[in-house]
Participant: 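Got a structure for you, questions after.
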Amino acid sequence: MKSAFSSVHPIVSLLYFIGVAVMSMMLLHPVFLATSVCLLLLLNILQGSDALMKKMMMASIGMAVIVAIANPLFTHRGSTMLFYLFDNPVTLEATLYGITMALSFLTISFAFISYNATISSHKFLYLFSRISPKAALLTMIAIRFVPLFLRRLSYITLVQKTKGVQLEAGSLRSRAQNGMKLLSVLLVCSLEEALQTADSMQARGFGTTKRSAYIRYRMARRDWFLLSIFIILLFFCVVGPIFGAGVLSIYPKVEPLAFQTKDGVLYTAFCLYISVPIIIEGREWAWWHMQK
């Protein structure tokens, strides 16, 4: 089933993800960030990004654990001492700050997975081709380069196995030689395809005149409604930290995690902002299963 949030206008979708990234860097409160991680995880499940989540989950969580552990080991600020490790003090403030940074990293990682399921290449070119067509095209080529490179390498590896070229068996020297053969074949194929793409773009006159978008997206009434909701909620979430809401003061001594009134109001707006795509996806999911 196609993601329902991907049917929203690209400008509205882009604003949503920009807002999530901004709030993950401004609202440095463990409760806010833990909530955003859970909600974005639910959003990715509703969007059908389970396979990509499984691929990136271990790497994202592993990196977050490294960030959470490294901060108290290398930073000894804070007044609440927990214990000594190799004569180095480990403080509660440094540990909590490391956990906060890890949750912020997970928020951005899960938001990026949802971004991939929402903003397609056509939408990306529609958004940025008018500003800078060449930069937009180069960005798209760079984004798709690594997945295409790995997919092509898997195909070449399967073909070369029929000729006895494999990396799983043999001595270290033979495996290194076989690996160099695979890389050389991959490099030649990639360069040949790059030349063909360049000739095709030149034949079509790319860069000689202003180009139109492949698909034209029009703002519907629903898009204007969602855009206004995102702008209002994002305004509250950006202005709130200026008045001390949604930010936990950690150094030099950590504040209590208990919410004040302003924190509760901002937390409600924050949850509503992140939950809007979940409501859209949940409504589509319920309608889809009711029709079966």
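As the structure is a prediction and not an experimental result, all values here were calculated from the model.
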Participant: By side-chain contact (heavy atoms from CB on, under 4.5 Å), which residues pair with Met81, not counting sequence neighbours?
Facilitator: Tyr84, Pro89, Thr91
Participant: What is the distance from atom CG of Leu33 to atom CE of Met23, rounded to the nearest 0.5 Å?
Facilitator: 10.5 Å
Participant: Is Leu28 linked to Tyr251 within one hydrophobic cluster, defined over Ile, Leu, Val, Met, Phe, Trp and Tyr using a side-chain heavy-atom separation of less than 4.5 Å?
Facilitator: yes
Participant: To the nearest 0.5 Å, how far apart are CG in Asp263 and OG1 in Thr268?
Facilitator: 10.5 Å
Participant: Check which hydrophobic residues are tied to Ile108 through side-chain heavy-atom contacts below 4.5 Å, counting indirect links as well, and list them.
Facilitator: none
Participant: Which side-chain hydrogen bond (donor to acceptor under 3.5 Å, both in side chains) pairs, counting each pair once, include a residue from residues 95-111, with sequence neighbours left out?
Facilitator: Ser36-Thr107
Participant: Hey, what do you get for CZ (Arg222) to OG (Ser7), rounding to the nearest 0.5 Å?
Facilitator: 4.0 Å
Participant: Give a yes or no on whether the backbone of Val12 and the side-chain of Asp223 come within a donor-acceptor separation of less than 3.5 Å.
Facilitator: no
Participant: What distance separates Lys123 NZ from Ser6 OG, expressed to the nearest 0.5 Å?
Facilitator: 5.0 Å
Participant: Side chains of residues 232-247: which donor-acceptor partners sit under 3.5 Å, not counting sequence neighbours?
Facilitator:
none

Participant: Test of understanding: clusters of I, L, V, M, F, W, Y form through side-chain heavy atoms closer than 4.5 Å, transitively. Do Phe83 and Ile99 belong to the same one?
Facilitator: yes
Participant: Is Asn71 reaching over with its side chain to a backbone N or O of Val67, donor-acceptor style, under 3.5 angstrom?
Facilitator: no
Participant: Hey, can you pull the donor-acceptor pairs under 3.5 Å for the side chains in residues 270-279, sequence neighbours left out?
Facilitator:
residue: Tyr273; atom: OH; partner: Leu15; partner atom: O; Å: 3.1
residue: Tyr273; atom: OH; partner: Tyr16; partner atom: O; Å: 3.1
residue: Ser275; atom: OG; partner: Cys271; partner atom: O; Å: 2.6

Participant: Test of understanding: clusters of I, L, V, M, F, W, Y form through side-chain heavy atoms closer than 4.5 Å, transitively. Do Val20 and Val22 belong to the same one?
Facilitator: yes
Participant: Answer yes or no: is there a donor N or O on one side and an acceptor on the other, between the side chain of Ser228 and the main chain of Phe225, under 3.5 Å?
Facilitator: yes
Participant: Listed by chain and number, what are the side-chain contact (heavy atoms from CB on, under 4.5 Å) partners of Leu248, not counting sequence neighbours?
Facilitator: His29, Pro30, Leu96, Ile250, Val254, Glu255, Leu257
Participant: Do Ile113 and Phe110 make a side-chain contact, defined as non-hydrogen atoms from C-beta onward lying under 4.5 Å apart?
Facilitator: yes
Participant: Can you confirm whether Ile280 sits close enough to Leu226 that some side-chain heavy atom of one is under 4.5 Å from a side-chain heavy atom of the other?
Facilitator: yes
Participant: Output all residues satisfying side chain to side chain donor-acceptor pair (under 3.5 Å) with Tyr115, sequence neighbours left out; order by chain, then residue number.
Facilitator: none
Participant: Enumerate the ring pair (Phe, Tyr, Trp, His ring centres under 6.0 Å) contacts for residues 175-199, please, sequence neighbours excluded, ordered by first and then second residue.
Facilitator: none
Participant: Sequence neighbours excluded, which residues qualify as side-chain contact (heavy atoms from CB on, under 4.5 Å) partners of Arg152?
Facilitator: Leu148, Ile156, Leu186, Cys189, Ser190, Glu193
